[in-house]
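For reference, the structure is listed below as structure tokens.
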Amino acid sequence: MTTAERRVLGADWPELPAEDAADIEAFLRRHWAETGSARATQAAYRGDLVLAARWLASRGRGGLRAAARADLFALLEMRAGAGYAARSTARLMAALRAFFADALRHQRVPADPTALLELPALPRSLPKALAESQVEALLQAPDLGTPAGLAERTLLELLYATGLRVSELVDLPTLAVNLRQGVLRVRGKGGKERLVPIGAEAQHWLERYLAEARPALARGATERRANPTALFLGAHGEPWTRQQFWARLKALAALAGIDAAKVTPHGLRHSFATHLLNHGADLRVVQMLLGHSSLSTTQIYTHVAREGLKRLHAAHHPRG
């Protein structure tokens, strides 16, 4: 089944039952209060649970609370037949497990139907980092003759200099910037805050943006009687979104002569970490900069750096 066919797979399923809608929203409120999960996680869990509930309704089941283990097995079988990625199904299972654990704790179900279900095996995938020359070409792509172009250059410089997640970057308020100390105060996953050094080059562009571009961009917000607190503003004074940055990054990659399919915001984050390690940075420092709670999450970058060193050795050593 193609991606397009999967998108219309649920077109004929019933609308979300009211009881399921109420249960999902109540669960998400408690889940956020207990774990401080990111908005993106909450949105992903909501989407997965809504689709699961609608699929159960299409089978004549009595909503999520009435789901049995056999129903969830059938759901996994349907997704496997439709060609869903293992990571997508793993996220669905994580959402279902969290939902039913909460429902069991609040005595809304007699048993947890996910108890004996196994998560699909996930392939180990290495992050795809750009070459340093490609990053340099990408940084040169924005048109510095316009306030929007200067904003784009600053966004790219900051993303590559700090390794921020794209949501962390576009959500930065102006108060997060401390130019005197050369740091950003970043709120990451789970609401955890960390201080991230900017670096001299990124600070240069940030100072230019604040002095030359942001006042011009903020005039659009003033005309709409808005008072933007976001650090980065669009052409009409509105804050950037993840989706806008993604689309603009693809366009800039094409201008730089780089295959746009290989350039993503997360790819620049990977490039930041990989290039730091290639130049001798300590793994625990990279962990702190990326905001990883566990060193094991960061260790995947050592594999990326090691693969690069092996390629260099093979290409240039007499006995490579």
Side-chain angles (χ1 to χ4, degrees), residues 10 15-57 63-67 72 75 79 84-85 87-115 117 119 122 163-176 184-196 228-232 238-246 265-266 269 287-288 290-294 296-298:
E15 291 299 314
L16 180 67
E19 183 182 57
D20 281 332
D23 283 348
I24 290 170
E25 292 306 317
F27 156 69
L28 290 172
R29 286 194 297 271
R30 289 191 294 268
H31 187 263
W32 177 84
E34 292 168 6
T35 67
S37 54
R39 285 181 298 175
T41 302
Q42 294 280 304
Y45 275 19
R46 178 182 288 106
D48 286 337
L49 292 171
V50 166
L51 284 177
R54 291 181 60 215
W55 181 82
L56 288 166
L64 282 170
R65 290 195 205 181
L72 300 186
L75 174 59
R79 290 178 67 88
Y84 281 89
R87 291 190 184 279
S88 173
T89 299
R91 190 190 66 194
L92 167 69
M93 285 304 305
L96 288 169
R97 282 182 168 175
F99 175 85
F100 283 110
D102 175 82
L104 187 63
R105 189 162 59 248
H106 289 87
Q107 300 180 334
R108 286 181 166 82
V109 294
D112 182 355
T114 69
L117 293 179
L119 289 173
L122 297 179
L164 297 184
R165 301 175 179 91
V166 64
S167 57
E168 294 171 342
L169 180 67
V170 299
D171 287 345
L172 281 173
T174 53
L175 292 176
L184 300 174
R185 184 177 294 276
V186 179
R187 185 178 295 275
K189 285 187 175 181
K192 296 178 182 177
E193 284 194 348
R194 67 187 190 277
L195 290 178
V196 180
T229 59
L231 175 60
F232 289 104
E238 76 286 354
W240 278 69
T241 67
R242 290 180 301 133
Q243 294 79 6
Q244 288 171 335
F245 183 82
W246 182 289
H266 215 62
R269 177 171 159 88
Q287 175 195 357
M288 293 173 61
L290 291 174
H292 287 162
S293 58
S294 169
S296 62
T297 309
T298 315

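Start at 1 with the first residue, then count along the sequence. The basis for the numbers below is simple: all heavy atoms, side chains too, and nothing from hydrogens, waters or symmetry mates. Every value quoted in this text rests on a predicted model; they were computed, and no experiment measured them.
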Across all chains, not counting sequence neighbours, the ring pair (Phe, Tyr, Trp, His ring centres under 6.0 Å) partners of F27 are H31, F99
Those residues at least two apart in sequence (or on a different chain) that pass salt bridge (charged side-chain N to carboxylate O under 4.0 Å, His left out) with D20 are none
With side chain to side chain contact (heavy atoms under 4.5 Å, CB included) as the criterion, how do I24 and L64 come out once you've worked through the C-alpha distance, each side chain's angles and the decisive distance to 0.1 Å?
CA-CA 9 Å; I24 290 170; L64 282 170; 3.9 Å; yes
Residue set satisfying side-chain contact (heavy atoms from CB on, under 4.5 Å) with E15, at least two apart, ordered chain then number -> none
Those residues at least two apart in sequence (or on a different chain) that pass side-chain contact (heavy atoms from CB on, under 4.5 Å) with A44 are R91
Contacts of E34 meeting side chain to side chain donor-acceptor pair (under 3.5 Å) (sequence neighbours excluded), chain-then-number -> R105
For E19, the salt bridge (charged side-chain N to carboxylate O under 4.0 Å, His left out) test, sequence neighbours excluded, returns none
Residue set satisfying side chain to side chain donor-acceptor pair (under 3.5 Å) with R46, at least two apart, ordered chain then number -> E25
Using a cut-off of 6.0 Å, state whether more than 12 heavy atoms not belonging to Q107 lie near its atom CD.
no
By salt bridge (charged side-chain N to carboxylate O under 4.0 Å, His left out), R29 pairs with (sequence neighbours left out) none
Hits for salt bridge (charged side-chain N to carboxylate O under 4.0 Å, His left out) against R242, two or more places apart or cross-chain, chain-then-number order -> none
Across all chains, not counting sequence neighbours, the ring pair (Phe, Tyr, Trp, His ring centres under 6.0 Å) partners of F232 are Y209
Across all chains, not counting sequence neighbours, the side chain to side chain donor-acceptor pair (under 3.5 Å) partners of T41 are none
